Protein chains: 2
Amino acid sequence: MIAISPRPVPARSDTRFHRQRDGRCRTSDIGGARIVRREQHLHRAGDPIDHPWLVVAGTFKSYLLKTDGDEQVLDFHTPGDIIGVEAMVQENAQCSIVALDTCNVRPLSMDDPAADFEDPESDTRKIIEAMYGETMRLMQRLQMISDSTEQRLARYLLEFSEVQRRRGLKPCEFRLPMRRRDLALYLNLATETLSRAFTRLRNRGLLAVDNYEIRILDAEGLRAVVEQRRAQDLPRFASS
Amino acid sequence: MIAISPRPVPARSDTRFHRQRDGRCRTSDIGGARIVRREQHLHRAGDPIDHPWLVVAGTFKSYLLKTDGDEQVLDFHTPGDIIGVEAMVQENAQCSIVALDTCNVRPLSMDDPAADFEDPESDTRKIIEAMYGETMRLMQRLQMISDSTEQRLARYLLEFSEVQRRRGLKPCEFRLPMRRRDLALYLNLATETLSRAFTRLRNRGLLAVDNYEIRILDAEGLRAVVEQRRAQDLPRFASS
DNA sequence: CGGATGCTTGAAGCTGCTCAAGTGAAGTGG
DNA sequence: CCACTTCACTTGAGCAGCTTCAAGCATCCG
């Protein structure tokens with residue numbers, strides 16, 4: 001929303017935290033709530049974990065390190081999301097979670113998880129629904145595998161737009177909170193491939209792209225991209 | 001283990017149920033438990049669902065129909081697995097579940113889900129752990145996207161082998177319960193590509209393949225296939 | 001200004017997909 | 001009992017999309 005657009009990273013401030021590659025906990029604790037600054041980890045895979053957290057502000061990235069050393073981005077987490085639900089079942093975190101900008105989280109209690117299960121407002125209930133939501137999101141991503149590069153990107157942008165709309169923000173003009181690399185790893189693409197996809201959608205007049213600032217010019221066109229079958233899946237007589 | 005090997009389908013009997021494409025519930029109900037015969041659905045996506053089930057015998061396939069009409073196989077479920085955990089959260093099934101052979105399930109109670117959450121033997125506890133397990137499996141499958149065809153197949157066979165071992169069955173000689181098509185859709189491959197992968201692993205002496213009967217001849221070799229980086233990911237000087 | 005970082009663009013190669021044909025086994029009907 | 005159909009798997013040929021490697025560009029920072 002602010003017009004400055006610093007190149008190397010999406011966020012607009014906090015550059016002094018850049019190269020401070022962690023050190024796990026230059027975070028402020030305020031009555032259980034925590035502030036996590038950009039590039040800092042909420043926790044890493046294997047760290048002990050007591051309870052899930054509710055994201056209050058900012059954007060997190062959750063990821064795994066694969067056996068070959070590559071990073072698999074699992075998801076991006078924005079305000080309202082519950083993260084670290086594995087605390088329900090395990091003592092240690094399964095994935096690493098890192099802040100993409102200045103983030104704010106508050107702990108969710110699991111003191112008497114059983115007592116209030118039926119209460120739709122209870123933390124326990126919300127946590128279980130969050131676990132289920134995670135499963136749903138993963139199932140959707142599994143379907144994404146058979147999508148082409150452009151379909152993946154178009155689908156992601158439309159989803160992002162929808163989340164913006166639901167938050168009362170502009171649905172067709174927003175700033176992506178993650179770097180190309182992170183989005184590429186999330187969509188299971190090479191960074192270059194993602195970059196080319198942005199270019200193609202822009203050239204077709206569907207998007208305006210200025211680094212992390214995105215403007216959706218033709219939402220219908222994007223939806224058409226998502227629905228379209230891949231050329232190679234079509235019978236052999238059409239043009240395209 | 002039995003030497004007959006009927007071609008068209010993995011299972012060995014029940015051919016009379018083949019073309020009887022459903023009719024949802026030629027199933028026997030025995031005190032809540034249910035027998036579901038091959039090709040019959042336990043439920044379809046959207047059906048009302050009251051409670052999860054415990055698989056007692058047989059193998060199920062869970063899947064979604066994508067918007068383009070294609071099938072996305074989500075998982076295969078064998079004895080000990082809990083299926084339909086979405087009943088915890090929703091009134092309707094999210095996915096379709098069909099029996100690959102004669103299956104046996106028993107309902108899991110959710111009568112007082114809250115009361116016994118801490119009891120590790122309680123159904124509620126087990127269901128929550130099953131939900132979490134589903135998430136874990138999906139996360140692993142997400143990592144699979146960057147694997148090559150052979151890696152996906154090798155990994156799957158090793159996993160299958162491990163499950164066999166844990167059940168006290170022969171880990172290196174077993175019968176796959178699903179058709180090539182189903183396994184291909186599970187691994188997100190074309191049927192032909194999967195078939196070629198079987199052939200290549202067989203030609204390298206890692207497997208013996210007789211339709212659904214598989215013998216692992218060189219488990220170490222398979223593990224090497226899984227660990228190996230893809231040729232195109234390697235620096236440009238090696239032979240492969 | 002120079003180094004670092006990240007994004008973009010170009011060129012070439014490989015993997016997996018589609019299309020098409022062939023094989024083997026089981027069930028069907030005369 | 002044997003053609004004939006059906007179904008699933010296999011194999012081959014050709015193509016296209018994505019990845020990798022490499023270079024160029026833009027921005028930010030010291």
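Treat the numbers as computed from the prediction; the structure is a model and nothing was measured. Heavy-atom basis, side chains included; hydrogens, waters and symmetry copies ignored. So you know, we letter chains A, B, ... as the sequences are listed, proteins then strands, and number each from 1.
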Can you see if the side chain of B:Y212 gets near the phosphate of D:dC9 - specifically, an N or O under 4.0 Å from OP1 or OP2? yes
When you get a sec, tell me which of D:dT10, D:dA8, C:dG16 is the closest nucleotide to the side chain of B:T191? D:dT10
Measure all distances between protein nitrogen or oxygen atoms and nitrogen or oxygen atoms of nucleotides 20-23 of chain C, and list the pairs falling under 3.5 Å.
none

Atom pair CD1/CD of B:I35 and B:Q40 - distance to nearest 0.5 Å: 10.5 Å
With the side chain of A:S148 defined as its heavy atoms from C-beta on, choose the nearest nucleotide among C:dC7, D:dC18, D:dC9. D:dC18
For the residue pair A:K66 / B:S146, report whether a side-chain donor-acceptor contact shorter than 3.5 Å exists. yes
Measuring only between side-chain heavy atoms, which start at C-beta, is B:L138 closer than 4.5 Å to A:M139? yes
At less than 4.0 Å, is any side-chain N or O atom of B:T199 found next to OP1 or OP2 of D:dT10? Yes or no. no
Under 4.0 angstrom, heavy atoms only, what part of the nucleic acid is B:R181 near: base, sugar-phosphate, or nothing? sugar-phosphate
Might you list the N or O atoms of the protein lying below 3.5 Å from N or O atoms in nucleotides 23-25 of chain D, with each pair's distance?
none

Look at the side chain of B:R196 and decide which nucleotide, out of D:dT11, C:dG16, D:dC9, has an atom nearest to it. D:dT11
Could you check which residues of residues 182-190 of chain B get a heavy atom under 4.0 Å from DNA chain D? Sort them by number, please. none
B:E39/B:K61 salt bridge by N-O under 4.0 Å criterion: no
Can you check whether A:Y63 and A:Y186 have ring centres sitting under 6.0 Å from each other? no
Kindly state whether the ring of A:F76 and the ring of A:F60 have centres lying under 6.0 angstrom apart. no
Side chains of B:V55 and B:I83: closer than 4.5 Å at any heavy-atom pair? yes
Does a donor on one side chain and an acceptor on the other come within less than 3.5 Å for A:T59 and A:H77? no
What integer distance in Å separates B:R200:CZ from D:dT10:P? 13 Å
Considering only D:dC9, D:dT10, C:dT9, which nucleotide approaches the side chain of B:S195 most closely? D:dT10
Rounded interatomic separation in angstrom, taking CZ from A:F198 and C1' from C:dC7: 11 Å
Just by distance, with hydrogens left out, do A:T78 and A:R167 show a side-chain donor and acceptor under 3.5 Å apart? yes
